[in-house]
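Here is the structure we will look at, set down as structure tokens.
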Amino acid sequence: MQSDIAATERSDRFKRFLFGRRPKVTLLRAAILLAACFVVFRFILLPVRINGDSMLPTYHTGQINCVNRLAYVRHRPQRYDIVSVRLARPNGISAPKVLYMKRIIGLPGETVAFHEGKAIINGNPIDEPYVKWPCDWSNESVTCGPDEYYVVGDNRSMTMPSHVQGRAKLERIVGKLLL
Amino acid sequence: MKNLFRLILVLVLAGAGWWLWTFLFPSPEKVIRQRMVRLAETATLAPNDNPIVRAAKAQKLVDMFSPDAVIRLETDDFGGRSYSGRDEISEAAMAGFAAIRALRVEFLDVSVELDDNQLSATVSCTARVQFEDKKDFGVQEMLFTFKKVERQWVISKVETVKTLS
């Protein structure tokens, strides 16, 4: 008899530990939390897994990060921001499954070129402390349109033809990397 | 209780009826999406696929194109290539399937836009290609044009899109 009472008390304590004193409120809170996580990680903060060498040494393959889709709601992308650029746009409001991860070095209206490994913006070299390895890139200058940003990876030791870079339209920039 | 059971039964039957309708009479968008999935599967080669299987896959791939189809590819890795008509596409497919040991093709972020006449459609997607069992993969934005020929959706044009200009 006493052992039955003890067992019932243990069971009640365990249920209280799991569901609290008011199980319905706990379940409601859990449902709200789940819905909030779904909305945040599906539409606002996109978890991404980086693949490729073009952003070395800043980011390497296998690293996990988040893209903040609300980063450019109130202001435009800035130079040196690391952004994600979409390729094809999927139907509806879901996030693209494939994104380029690149750094902005040229802003709208600016002329961008590379000369002996240095990035030249409007005729003047810019400081790029994140470029750690030697680079010998040289190319003709290109001018960014009113809504275009020049994006390039940090790994300039790659050959220029194998490094995806160029002007990205603002509407293709999905967001800014969070970490 | 009886009424609730009847209501649930009606809802289940309505749901099953709707599912059957969409299964037997799929929308053009659904059909085109299925064609894209089949295209990716046909273009995918396993390392142990023998020459007969590869030749059959190449033929199946070519049958998905219209007789006057055009393929225009411009990639950093392979430069600019263009194929016109089924014969050229067939030659290229046979040669490619014979030369490549393994290939994995996926079409992601597929977006289908039907034209007003419902006889043609534009599909934009990102192709993800993995060669020879390597871990690295390449991605390329693509644009497909489908047209309806004798109640079948076939590919009339394929072109690569330059994401970064």
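Quick caveat: nothing in here was measured; it's all calculated off a predicted structure. Both backbone and side-chain heavy atoms feed into the values below; hydrogens, waters and symmetry mates do not. To find a chain, count down the sequence lines: A is the first, B the second, and so on, and within it residues start at 1.
Considering only heavy-atom pairs separated by less than 4.5 Å from chain B, the leading option among A:K102, A:R86, A:R167 is A:R167. Residue with the most contacts toward chain B among A:V98, A:N51, A:V164, A:L87: A:L87 (heavy-atom pairs, distance under 4.5 Å). Most heavy-atom pairs under 4.5 Å with chain A, from the set B:L108, B:T126, B:V112, B:V110: that is B:T126. Looking only at heavy-atom pairs under 4.5 Å with chain B, the residue among A:A95, A:G166, A:A168, A:G52 that has the most is A:G166.
Taking a cutoff of 4.0 Å between a charged side-chain nitrogen and a carboxylate oxygen, A:R172 and B:E141 qualify as a salt bridge. A salt bridge does not link B:E74 with B:R72: every distance from a Lys NZ or Arg NE/NH1/NH2 to an Asp or Glu carboxylate oxygen is 4.0 Å or more. The pair A:R76-A:D81 does not count as a salt bridge, with every side-chain nitrogen at least 4.0 angstrom from each carboxylate oxygen. Taking a cutoff of 4.0 Å between a charged side-chain nitrogen and a carboxylate oxygen, A:E171 and A:R89 qualify as a salt bridge.
Seen from the ring of B:F137, B:R128 counts as a face-on cation partner, given the 6.0 Å and 45° thresholds.
Using a 4.5 Å cut-off between heavy atoms, B:E113 does not touch chain A at all. Contacts between A:Y150 and chain B at a heavy-atom distance below 4.5 Å are absent for every atom of the residue. Only the backbone of A:Q165 comes within less than 4.5 Å of a heavy atom in chain B; its side chain stays farther off. Residue B:V139 touches chain A through both its backbone and its side chain, counting heavy-atom pairs closer than 4.5 Å. With a threshold of 4.5 angstrom between heavy atoms, B:E29 approaches chain A through side-chain atoms but not through N, CA, C or O. The part of A:V85 that comes within reach of chain B is its side chain, from C-beta onward, which places non-hydrogen atoms under 4.5 angstrom from that chain.
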Practice task
Before giving the answer on side chain to side chain contact (heavy atoms under 4.5 Å, CB included), spell out for A:V174 and A:R69 the whole-Å C-alpha distance, their side-chain angles and the decisive distance to 0.1 Å.
Solution key: CA-CA 6 Å; A:V174 171; A:R69 282 177 100 179; 3.9 Å; yes
Exercise for the section: Take A:Y72 and A:L170 through the test side chain to side chain contact (heavy atoms under 4.5 Å, CB included) and record every step on the way to the result. Expected result: CA-CA 10 Å; A:Y72 301 123; A:L170 177 63; 5.6 Å; no
